[in-house]
Amino acid sequence: MANKPSIPKGTRDFLPEQSLKRQFIFDTARKVFQQFGFVPIETPAMENLDTLLGKYGEEGDKLIYKILNNGDFLAKASEERLAAKDSQSVAFEISDRALRYDLTVPFARFVVQNQNELSFPFKRYQIQPVWRADRPQKGRYREFYQCDVDVIGSNSLLNEAELLCIVDEVFTNLGLNDVRIRINNRKILSGIAASAGMSEHFQSMTVAIDKLDKIGPEGVKEEMLRNGLPEAGVKKVLNLLKLKGEPVATLKMLAGAVVGSEEAYKGIDEVKAVLKALPEAVREKVELDLTLARGLNYYTGAIIEVGHDDFPSSICGGGRYDDLTGIFGLKEMSGVGVSFGADRIYDLMEEKGLFPETLKAASQVLFVNFGKEKVMSAIRTAADLRTEGLSAEVYPDEAKMKKQMKYANDKGVHFVVIIGEEEHKTKMVTVKDMLSGDQNSVAKKDLVSFINDKLS
RNA sequence: GUGGUUGUAGCUCAGUUGGUUAGAGCGCCUGAUUGUGGUUCAGGAGGUCGUGGGUUCGAGACCCAUCUUCCACCCCA
């Protein structure tokens, strides 16, 4: 080991046990998505740089991984910029591609590009990794998976309601029953900004109020004042945001407070409609949180976020975007979607010990290898078990029994089947139950039913 | 990107104000048991102390740089 091999900061290897757990999350999500009629798509790991730039705000642009051009890229770059050592501007000259930062923007590009192949409303899901050049910390990685569900080409608020049902269903199926599902509407926020006379500061207002539960009203006030928002407006906003509790009543009070703002009224109506469309069981889990803002600025209507009291950051988030495809040349194509952060969900579930025990099992049956013709009998019998729907493997080497037993034990195999000299002569096999330690001699033809009996 | 933090055996960690051959538990390997894992017992292997410089008679301990870990900020799944 001259040089220890390593992987880039913020990326990870996954051992079989971890990988099985991750797949449990993906499978659970996928199953729910499909039950609601969503279909899968995939897009490339890399996009053209200009597809991604400018979609996530200034901060977002910095976190996009740019891919160095191939060939003699320096020869083509402008001498001035190279000499000026301005990394920002040089970057665009030597990089044309980038790793995708999320799945939503590539999806918008995909829809525009494949519009003639799709029928709308188009409901798709997508489970793929994304990359961000963020500093790693708890629940934050440089490579992580998102599980996105979006419906595009429909303005109906039934979609928002359906997504909330999906969110509830996925977390329930994962065994995470105490998540907090919060919703809000950007039109409400926009209306609040307008009625406080700070429409032009909308962006920095949302960023600030999103931190309310973290830094408190004083902190938010400070930040807004620091960013040059008018004091009177700041006070008014903070006052409105004090409203909370039962959604319908809250909305009613809010409506009284933002008199004259058509946009706020519209947002209020939208939230009401979404709540109305929800089944009772889901509606009672959804909180209206007027301080929920979300950083990504392409959201225009409903916004959704899921968190957990024992986890520092959100584990799922999304919202409606009226014109994401517009930038790529397709107007009038509103979409709404949510994204599950698989890695954060994994961390949370691991912390809570919520993964099912059964995920560990590998093969159900291992055949001990006794070499030569006896292993042929094992191979045939293993094949028979597989046709019966059992998972079975034959140890590949003629190793010491002890070693083979240990392998079965380490791997968590339930049964070990021994076909050695004795068994070969008598057409019997020896079955050892590794959990109980019991050992039985059974006729080879009865092996399947014997094991099935034990399993049931 | 800013500030802080961490790195010693495969893993989790000890290692006194700088002082001989760097330790433990678990794991791993071998044997007791050449057809029996997990339990028990006996033995064994394994570390250029993250990396590169420096201070010192002497560095795992001190200094600098760098990488990595975790945390806060920014922002976010």
Indicate yes or no: at least one non-hydrogen side-chain atom of A/Leu49 is less than 4.5 angstrom from one of A/Phe92.
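Yes, at least one pair of side-chain atoms sits under 4.5 Å.
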Is the shortest side-chain heavy-atom distance between A/Phe367 and A/Val375 below 4.5 Å?
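Result no, sub-4.5 Å side-chain heavy-atom pair not found.
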May I ask you to check whether A/Asn173 and A/Thr28 show a side-chain donor-acceptor distance below 3.5 Å?
no
Between A/Glu143 and A/Thr11, does any side-chain donor sit less than 3.5 Å from a side-chain acceptor?
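No - no donor-acceptor pair under 3.5 Å links their side chains.
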Nucleotide [N], atom [atom2] - distance to [atom1] of [X] in whole Å:
X        : N     : atom1 : atom2 : answer
A/Leu366 : B/G35 : CG    : P     : 17 Å
A/Trp131 : B/C75 : CH2   : P     : 25 Å
A/Leu15  : B/C11 : CG    : P     : 11 Å
A/Asp61  : B/G1  : CG    : P     : 16 Å
A/Leu292 : B/C75 : CG    : C1'   : 15 Å
A/His424 : B/G35 : NE2   : P     : 17 Å

Using a heavy-atom cut-off of 4.0 Å across all strands, would you classify [X] as base, sugar-phosphate, or nothing?
X        : value
A/Ile345 : nothing
A/Tyr141 : base
A/Glu423 : base
A/Gln404 : nothing
A/Arg132 : base
A/Cys316 : sugar-phosphate
A/Val207 : sugar-phosphate
A/Gly60  : nothing
A/Gly317 : sugar-phosphate
A/Lys400 : sugar-phosphate
A/Gly318 : nothing

Given the [atom1] atoms of [N] and [M], what is the spacing between them in whole Å?
N     : M     : atom1 : answer
B/C29 : B/U48 : C1'   : 24 Å
B/U20 : B/U12 : C1'   : 29 Å
B/A59 : B/C76 : C1'   : 43 Å

Side-chain N or O of [X] closer than 4.0 Å to phosphate OP1/OP2 of [N]:
X        : N     : value
A/Lys211 : B/C73 : no
A/Arg135 : B/C75 : no
A/Gln137 : B/A72 : yes
A/Lys138 : B/U69 : no

Would you tabulate the nitrogen or oxygen pairs shorter than 3.5 Å linking the protein to nucleotides 37-40 of chain B?
| residue | atom | partner | partner atom | Å |
| --- | --- | --- | --- | --- |
| B/G37 | O2' | A/Asn409 | ND2 | 3.3 |
| B/G37 | N7 | A/Lys432 | NZ | 3.0 |
| B/G37 | N1 | A/Met434 | O | 3.1 |
| B/G37 | N2 | A/Asn409 | OD1 | 2.8 |
| B/G37 | N2 | A/Met434 | O | 2.5 |
| B/G37 | N3 | A/Asn409 | OD1 | 3.2 |
| B/G38 | O4' | A/Asn409 | ND2 | 3.2 |

Surrounding CE of A/Met349 (heavy atoms of other residues, nucleotides or ligands, distance under 6.0 Å), is the total greater than 12?
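Yes, enclosed.
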Heavy-atom count around A/Glu42 CD within 6.0 Å, excluding the residue itself: above 12?
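No, because the 6.0 Å sphere around CD of A/Glu42 holds 12 heavy atoms or fewer from other groups.
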Is it the case that the side chain of A/Arg182 and the backbone of A/Leu288 share a donor-acceptor pair, with hydrogens and angles ignored and the cut-off at 3.5 Å?
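No.
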Would you check if the side chain of A/Lys235 reaches a backbone N or O of A/Glu231 as a donor-acceptor pair within less than 3.5 Å?
no
If a pair means Watson-Crick or G-U wobble with both distances below 3.5 Å, what does RNA chain B look like in dot-bracket form, with | marking bases paired to a different strand?
((((..(..((((.....[...)))).(((((.......))))).....(((((..]....))))))..))))....
Six-ring centre of A/Phe144, A/Arg132 cation under 6.0 angstrom, axis tolerance 45°
no
